[in-house]
Amino acid sequence: MNIIIACGGTGGHLFPGIAVAQQLRKLGHHPVLLISRKDVDAEASRKYGDLDFHTIQAIAKPPLLSLRMPLFLWRLVRTYMTCARIIRREHADAVVGMGGFTSLPPVRAGKSMGLRAFVHDSNALPGKSNRLTARWCDKVLLGLAEAASFFPGKECEVVGTPVREELHHLPAREDARRSLGLPADKPLILVTGGSQGARNLNSMLVEFAKNDPDVHYLVIAGKQDFERVQGLAAGAPNITVTGFCSDMPAAYAAADGVIARSGASTLTELSVIGKACLLVPFPFAADDHQTHNARVFTGHGAAVMCQQADLTEDTVRRFVHDTVLNPEKRAAMEDAMRSLARPDAAEAIARVITNA
């Protein structure tokens, strides 16, 4: 089968789409990924050169009464027409959207052409774009069961959120640290704000890390914030700053604990690999969906959550020294995290799409 996968714009949509594409290729199908023109998508298309990527124009919907609405509608129509041409050219059999407004035009175009259409939502609180896209879908695929009530009248199936194949095969801790140039003899905390970075979180964690010399911190700052954060960390030998990490399996394998935002894709990866984590929801996420995600995980004892406004050095210190460096507490949190994993999510989605 020829299957269109609309993903991209953020790592939370892009990487699950790549995971589904990898699984479909394993089964002998031909996936075509539609991505945005953002840097995160360009990086992925270079790294996963064995997959078939095409860029489309994708823009977020402005407020209904915004002066930008006419331009948005015009671009939406143009993108719809572009997607229809790609669908015809690829002789597509089905379309699946992995979330966000990158998904709406291809799903709508595919359905209007008689194709089977699906949308996947990773979050506990689905976004407005996915709720709209679901109108033209045969089935809604969910990462978390808590989202089902937001799609009344639609057939939903909880399949989990897929992770890229390489995250199922992490390197050894020592090998990972060696490949990343990290010390082998210190506890290590990974700090990541996701594909968009996290300016305030970066600042606070670097200042804390300077006063915690017995622990090493790997801070993935995001490309736009890299130089500033590197400057903040100057002179601190226990802090390694990078703008973008192309080898997340190694970063996860090297870490003893993680401090991160609570995007659905990040949480899925953490559950599959089983890492103790402190979650700091992005305070400006649409409908505060990251807080909803974090509550699902904290409710199972799989993580600790702290809102950014409440985050203090004492909060970070308790997580690092009382949980991560406490073998018993850390093991309990790791076990709880693994209990929420759906390692077969990509297989489940591929099965639904291909009607296998």
Straight-line distance of C245 SG to L180 CG, nearest 0.5 Å = 6.0 Å

Going by atom type alone, with no hydrogens or angles, which donor-acceptor pairs under 3.5 Å involve a side-chain atom of residues 270-284 and a protein atom two or more places apart or on another chain?
| from | atom 1 | to | atom 2 | distance (Å) |
| --- | --- | --- | --- | --- |
| S271 | OG | L267 | O | 3.4 |
| S271 | OG | T268 | O | 2.7 |
| K275 | NZ | Y252 | O | 3.2 |
| K275 | NZ | A255 | O | 2.4 |

Contacts of type salt bridge (charged side-chain N to carboxylate O under 4.0 Å, His left out), residue D310, not counting sequence neighbours | none

Say you draw a straight line from CG of N130 to CG of L104; how long is it, rounded to the nearest 0.5 Å?
-> 9.5 Å

Under 3.5 Å: donor-acceptor pair, side chain of N123, backbone of H289 = no

Hey, does H29 have a side-chain heavy atom less than 4.5 Å from the side chain of I353?
-> no

Check the pair S36, D41 against side-chain hydrogen bond (donor to acceptor under 3.5 Å, both in side chains), reporting the backbone distance first and the verdict last.
-> CA-CA 6 Å; S36 76; D41 295 17; 2.8 Å; yes

Cluster overlap V219 with V324, hydrophobic side-chain contacts below 4.5 Å = yes

How long is the gap from CG on L76 to CD on Q57, to the nearest 0.5 Å?
-> 10.0 Å

Tightest non-hydrogen contact, residues M333 and A302, listed as CG-O, 3.3 Å

Give a yes or no answer on whether the side chain of N2 reaches the backbone of H91 with a donor-acceptor pair at less than 3.5 Å.
-> yes

Should L232 and I259 be regarded as members of a common hydrophobic cluster, given that ILVMFWY residues are connected when their side-chain heavy atoms come within less than 4.5 Å of each other, either directly or indirectly?
-> yes

Distance (rounded to the nearest 0.5 Å) between I349 CD1 and E157 CD = 9.5 Å

Below 4.0 angstrom, N of the basic side chain to O of the carboxylate: do E43 and K223 qualify?
-> yes

Approximate separation, where rounding is to 0.5 Å, of I5 CD1 and F118 CZ | 12.0 Å

Results of side-chain contact (heavy atoms from CB on, under 4.5 Å) for D335 - residues two or more places apart only | R338

side-chain contact (heavy atoms from CB on, under 4.5 Å) partners of A236, counting only residues at least two apart | K210, N238, I239

Is a side-chain donor-acceptor pair under 3.5 Å present for H321 with D212?
-> yes

Does R295 have any salt bridge (charged side-chain N to carboxylate O under 4.0 Å, His left out) partners at least two apart in sequence or in another chain, and if so, which?
-> none

Side-chain contact, heavy-atom cut-off 4.5 Å: E166 with Q22?
-> yes

Between R330 and E334, is there a salt bridge with N-O shorter than 4.0 Å?
-> yes

Test side-chain hydrogen bond (donor to acceptor under 3.5 Å, both in side chains) on R261 and Q308 and set out the steps.
-> CA-CA 10 Å; R261 295 303 196 191; Q308 183 168 291; 2.7 Å; yes

Where the side chain of S103 meets the backbone of M98, is there a donor-acceptor pair that is under 3.5 Å apart?
-> yes

Please list, chain by chain and in numerical order, all residues satisfying ring-ring contact (aromatic ring centres under 6.0 Å, His included) with F72, sequence neighbours excluded.
-> F101

Checking side-chain contact (heavy atoms from CB on, under 4.5 Å) against I3, which of V32, T354, V95 comes through?
-> T354

Within a strict 4.5 Å, meaning less than it, do heavy atoms of the K111 and C137 side chains meet?
-> no

Would you call R131 and D121 a salt bridge, using N to O less than 4.0 angstrom?
-> no

Please determine if D344 and R342 form a salt bridge, counting it only when a charged side-chain N lies under 4.0 Å from a carboxylate O.
-> yes

Could you check if a side-chain atom of L311 sits within less than 4.5 angstrom of a side-chain atom of L205, using non-hydrogen atoms only?
-> yes

Those residues that, when tested against A309, pass side-chain contact (heavy atoms from CB on, under 4.5 Å) (two or more places apart) = none

Mind checking salt bridge (charged side-chain N to carboxylate O under 4.0 Å, His left out) for D225 and listing every partner two or more places apart, or none if nothing turns up?
-> R199, R228

Taking every heavy atom of A264 against every heavy atom of S122, the minimum-distance pair comes out as CB-CB, 3.1 Å

What residues, two or more places apart in sequence or in another chain, satisfy side-chain contact (heavy atoms from CB on, under 4.5 Å) together with N211?
-> E313

For residues 201-231, which residue pairs qualify under ring-ring contact (aromatic ring centres under 6.0 Å, His included), counting only residues two or more places apart or in two chains?
-> none

Listed partners of R173 passing salt bridge (charged side-chain N to carboxylate O under 4.0 Å, His left out), at least two apart = D256

How would you list all residue pairs meeting ring-ring contact (aromatic ring centres under 6.0 Å, His included) that involve residues 35-63, not counting sequence neighbours?
-> none

Which value, rounded to the nearest 0.5 Å, describes the distance between I56 atom CD1 and L34 atom CG?
-> 5.0 Å

Checking R177 side chain against L182 main chain: does a donor-acceptor pair fall under 3.5 Å?
-> no

May I ask you to test the C7-I18 pair for a side-chain heavy-atom distance under 4.5 Å?
-> no

Could you check D288 against T291 for side-chain hydrogen bond (donor to acceptor under 3.5 Å, both in side chains), going step by step and ending with a plain yes or no?
-> CA-CA 6 Å; D288 198 24; T291 294; 2.9 Å; yes

Side chains of T315 and T312, donor plus acceptor under 3.5 Å | yes

